[in-house]
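Here is the structure we will look at.
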Amino acid sequence: MEKDQQTKEQEIYKFWEKEGLFSADPDSNKPPYSLLMPPPNLTGDLHLGHAMQHAILDAVTRTKRMQRFDVLLLPGVDHAGIQFEGTLTKLLEKEGLSKHKLGREKWLERAWQFKKDVYKSFHNTWTVMGISADWSREVFTFEPRIQKAVFEEFKTFWEQDLLYKGAYIVSWCPKCGTAIEDVEMEYEERRETLYFVRYQIEQSQAKSDFVNYQIQDGDEFITIATTRPETIFADTGIAIYKNHPKFSKFAGKNAINPLNGNVIPIFEDKRVDKEFGTGALKITPGHDPLDYEIGKDHALPILHVIDKTGRMTELAKDLAGLKIDEAEKEAAKKLERSGSLIKTEELIHSVPICERCKTTVEPLVSEEWFLKMEPLAKKALGRIDEINFYPTNYKKILTDWLEKIHDWCISRSQWWGHRIPVWYCSKCNPGHAVGKSKDMVVSFEEPGKNLPAGKQDCQTCGEKHWEQDEQVFDTWFSSGMWPITTLGWPEKTKEIKRYFPWDFELTSPEIKYLWIARMIMLSLRFKDNVPFKNMFFHGMLRPLTGAKFSKSLGNAVYPDELIKAWGTDATRMTLYTYSAPGRDSRTSKQLMDERAKNFRNFSNKLRNIAKFTIELKPEDSATEMSNHEDDKWILEELNKTIEQATKNIEKFELHLATEELYDFIWHKFADIYIEKSKSRREEAQPTLEYVLETSLKLLHPFMPFTTEELWQKTHPGKSIMAEAWPTT
RNA sequence: GGAUCCGUAGCUCAGUUGGUAGAGCGUUCGAUUCACAUUCGAAAGGUCACAGGUUCGAGCCCUGUCGGGUCCACCA
């Protein structure tokens, strides 16, 4: 696109803003229509998926405005805890810096600086794309007002006994240094070694001298299969399935841990898979979720041989300090030396990895906060029918998930996020235990910070030694409140009364559980209503291989490049062709370019139609539309187009609406009608003008800049945005 | 293992109450001083994955098969 054009577009954008055309007016007597922008994560530039989302949102927004609604398109940005920290960490690594070198205060300074940079880039893209959001109402999920709201959220849950804190097995990312949720994990197929290890059955005589342990003739053994010999140090039992033909005779006896000589019980448990390995399972409650469950039921102790940084603990004796994969090899060698390793096999299985940093996730026991989800999910299930899903099958997908809901681990061991508003007395409660005890307080600020001694002291020791919980909330704990905090909750604002529930929300299917399901549950909990009436899931744009676009693979297509090459409107039109609800599309830079080029040609066609109609208007033109059959025909076609386009926008089928308009304007209006009109130009002129103006209005939601520019030719100083949507 | 979506022209995809197969790009042929070569006209190209069924009629509805994607669960 030419420089001039870009400048022109920026002038148009400023003109719209100056005229206040983006602003919602809660005092208006027009009916309200509200759209909620999914806040992009504060991590970098906006990608193609964002561009498509925002283009869709903006088209619906502009149509509704022209249909005389008081429209609110509310924009914002998500502070994106884990993802933001990951991005910033990479940035700092390049400078040889790290979180711990900088310290909390300096690090947060850098974080806010980085936030500023990303904001600049976001706003630039939004402006360039012509997004007509009400910027005066923009929200950042980490701003002070939202911090207050998140505190209210937590406090309410606390008062209703829906929160608990405790040591549970969680999925831990050693690189991010925090617990993560199942929904934040991916799986990767890996070729691994399956080790068959035999454990000696403890004889009735005294425990053998383990240091000089040698297998004797006549010893009895139980053999298990494991991919993780390094965790044997933390074994506290062996489970076999019921009536195991070879091993059931050992149930009730003890086995000797081949790595440290600990005596561990053998017992039956129905959760052991008959088909896998030997039918006997070593139980390591500290490092495996299933083992944790089994261990709990059999009252086994929990040992830790891997720490939160992914290294072996003192429990591993001479292997302490090793990384997990090194420890695996060393442990296998030890087992081999003692004759405990029977054989190895190759096993292909999928390993959980952190969605953000791709590090292998370790199941670990950690102190975390949890939110009880069952009551929330139940309510959501009862009212999910009130939402129209596009495509409709997403209702079932979400329903299935809600039916199998599990408690939500809401704490993260990070710095970038809403700090958990809980204070412990360091004197009476140094372990930060949680209960209804008097040495723990839920408070937004330090309790009694500005009060004289004696006020808000610890009620156990009568002194003031408060320290805040170190952890922060999962990002989604605040994002889940997005539909109501954006409108001022917990205050009872006129905005929330008027614009909630939202008429339209859209997102990528990737975050349907993380975000959409949570918004539904939380909105029902705090506002007793579903968050939105229409929930639109767009498809994913993928590379031709069908995988995923990724920055690191270098196959990503950037909206800015398309805009530079073909113009904003052409890029927007290209994105609409991919916007069928729930349909993934394969594409590439080349295919996007081809399509965008075509729409660039279309906007050129539109300019030429305008030039022909307006600039080359004959002097002695008629003033009334004629009844000529060609005129009647094009008006009929125009009416059909108005109907179709309106209907398809109503159903959020923008790919159909744009196709309809494209076909009408180019192939009916230009190719047929205009050609024929040349022989009776004066008579046709009023119809030409009418069809052009109506076409510009219909096209405006999709191609805002070109249509505004052409509109100005005949309506200087007046915006097409303020025009009424055409009807038949 | 469970769920879900998809399989339409060489490529990427539309095709929503079932009624004679569409777009863009690509290919071939032709036109063009008259708004536009960022153009116009025309052509070639499809047993709509396969097999049954419902129907006067199926790309669309039902059943099954094959192939691909995605999500969830499990993965010692």
Side-chain angles (χ1 to χ4, degrees), chain A residues 182-183 186-187 189-190 192 194-197 224-229 231-232 235 238-239 271-273 275-284 287-291 294 347-352 390-394 396-401 403-404 509-510 512-513 539-542 544-548 566-567 570 573-574 577-588 590-617 647-648 651 653 655-656 658-660 662-663 666-667 670-672 674-675 677-678 681 688:
Chain A
D182 294 353
V183 275
E186 287 173 358
Y187 289 84
E189 290 275 301
R190 290 221 189 117
E192 301 223 322
L194 183 63
Y195 301 87
F196 287 78
V197 181
I224 57 91
T226 180
T227 55
R228 308 204 57 187
T231 65
I232 287 176
D235 283 0
I238 289 180
R271 283 165 286 194
V272 180
D273 185 354
E275 308 299 323
F276 192 92
T278 63
L281 175 63
K282 78 187 195 66
I283 303 298
T284 321
H287 298 292
D288 183 278
L290 177 65
D291 292 9
I294 294 176
L347 178 74
I348 294 172
H349 74 151
S350 51
V351 181
Y390 300 85
T392 50
N393 62 299
Y394 276 86
K396 182 172 163 37
I397 294 174
L398 284 168
T399 301
D400 289 352
W401 188 76
E403 277 167 356
K404 288 183 295 185
E510 270 185 314
K512 54 186 178 294
Y513 305 130
M540 300 260 289
L541 291 170
R542 301 173 179 285
L544 295 174
T545 56
K548 261 183 179 178
W566 310 110
M573 286 296 272
T574 304
T577 66
Y578 288 105
S579 74
R583 292 294 187 90
D584 289 3
S585 301
R586 291 169 185 224
T587 188
S588 65
Q590 192 194 336
L591 284 170
M592 295 292 287
D593 274 335
E594 279 169 7
R595 232 175 250 213
K597 181 180 169 189
N598 185 243
F599 286 112
R600 193 273 319 259
N601 295 353
F602 178 61
S603 62
N604 182 255
K605 174 61 84 175
L606 202 60
R607 281 171 206 286
N608 276 301
I609 293 172
K611 184 175 160 197
F612 175 80
T613 307
I614 299 162
E615 288 170 27
L616 304 176
K617 176 179 178 171
K647 190 186 87 188
N648 285 323
K651 294 191 296 180
E653 307 254 31
H655 61 301
L656 297 181
T658 46
E659 194 190 2
E660 187 74 32
Y662 173 93
D663 181 63
W666 196 324
H667 299 304
D671 288 350
I672 300 174
I674 291 184
E675 283 312 313
S677 78
K678 285 176 183 170
R681 179 63 200 271
L688 279 168

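Computed over heavy atoms, backbone and side chain alike; hydrogens, waters and symmetry mates excluded. Chain identifiers are assigned alphabetically (A, B, ...) following the order of the sequence lines, protein sequences preceding nucleic acid strands; residue numbering begins at 1 within each chain. Here the structure is a predicted model, which is why all the values come from computation and not from measurement.
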Please give, in whole Å, the distance from B:C75 C1' to A:L347 CG? 8 Å
With heavy atoms under 4.0 Å as the rule, sort A:E615 into base, sugar-phosphate or nothing. nothing
Closest listed nucleotide, where the reference is the side chain of A:K678 and the choices are B:A35, B:C13, B:A14: B:A35
Closer than 4.0 angstrom, basic N to acidic O: yes or no for A:K396 and A:D400? yes
Give none if B:U63 has no partner; otherwise give the nucleotide forming a Watson-Crick or G-U wobble pair with it, both distances under 3.5 Å. B:A51
Using a 4.0 Å heavy-atom cut-off, does A:L290 contact any base of the nucleic acid, only the sugar-phosphate backbone, or nothing at all? sugar-phosphate
Between N or O atoms, less than 3.5 Å apart, protein on one side and nucleotides 22-24 of chain B on the other: list the pairs.
{"unit_1": "B:G24", "atom_1": "O3'", "unit_2": "A:N598", "atom_2": "ND2", "d": "3.0"}

For A:I674, which contact category applies under a 4.0 Å heavy-atom criterion: base, sugar-phosphate, or nothing? base
Can you confirm whether A:E615 is buried at CD, in the sense that more than 12 heavy atoms of other residues, nucleotides or ligands lie under 6.0 Å from that atom? yes
Is B:A42 paired to anything, Watson-Crick or G-U wobble with both distances less than 3.5 Å, and if yes, which nucleotide? B:U28
Once you apply a heavy-atom cut-off of 4.0 Å, does A:R600 come out as touching a base, just sugar-phosphate, or nothing? base
A:Y578 side chain near A:R595 side chain, heavy-atom distance below 4.5 Å: yes
Can you identify which nucleotide, out of B:C40, B:C36, B:U16, has its nearest atom closest to the A:W666 side chain? B:C40
Under-3.5 Å N/O pairs linking protein and nucleotides 70-72 of chain B:
{"unit_1": "B:C71", "atom_1": "O2'", "unit_2": "A:Y513", "atom_2": "OH", "d": "3.1"}

Tell which nucleotide pairs with B:G18, taking only Watson-Crick or G-U wobble pairs whose two distances are both under 3.5 angstrom. none
Nearest-neighbour nucleotide for the A:R583 side chain, B:U38, B:A14, B:U16 considered: B:A14
Could you check if a side-chain atom of A:F599 sits within less than 4.5 angstrom of a side-chain atom of A:W566, using non-hydrogen atoms only? no
Contact class for A:V272 vs. all strands (heavy atom < 4.0 Å): base, sugar-phosphate, or nothing? base
Considering only heavy side-chain atoms of A:Y187, the closest of B:U38, B:C74, B:A35 is B:C74
Nucleotide by nucleotide, 5' to 3', does protein get under 4.0 Å of the base (B), only the sugar-phosphate (S), or neither (-) in nucleotides 58-63 of chain B, counting heavy atoms? ------
Return the pairing partner of B:U12 with a 3.5 Å limit on both distances, Watson-Crick or G-U wobble; otherwise return none. B:A23
Measure from the side chain of A:H349, starting at C-beta and using heavy atoms only, and say which of B:C75, B:C13, B:U16 lies closest. B:C75
Would you indicate what A:K611 reaches in the nucleic acid, counting non-hydrogen atoms under 4.0 angstrom: base, sugar-phosphate, or nothing? sugar-phosphate
Nucleotide opposite B:C75 in a Watson-Crick or G-U pair, distances under 3.5 Å: none
Kindly say whether, by distance alone, the side chain of A:S350 makes a donor-acceptor pair under 3.5 Å with the base of B:C75? yes
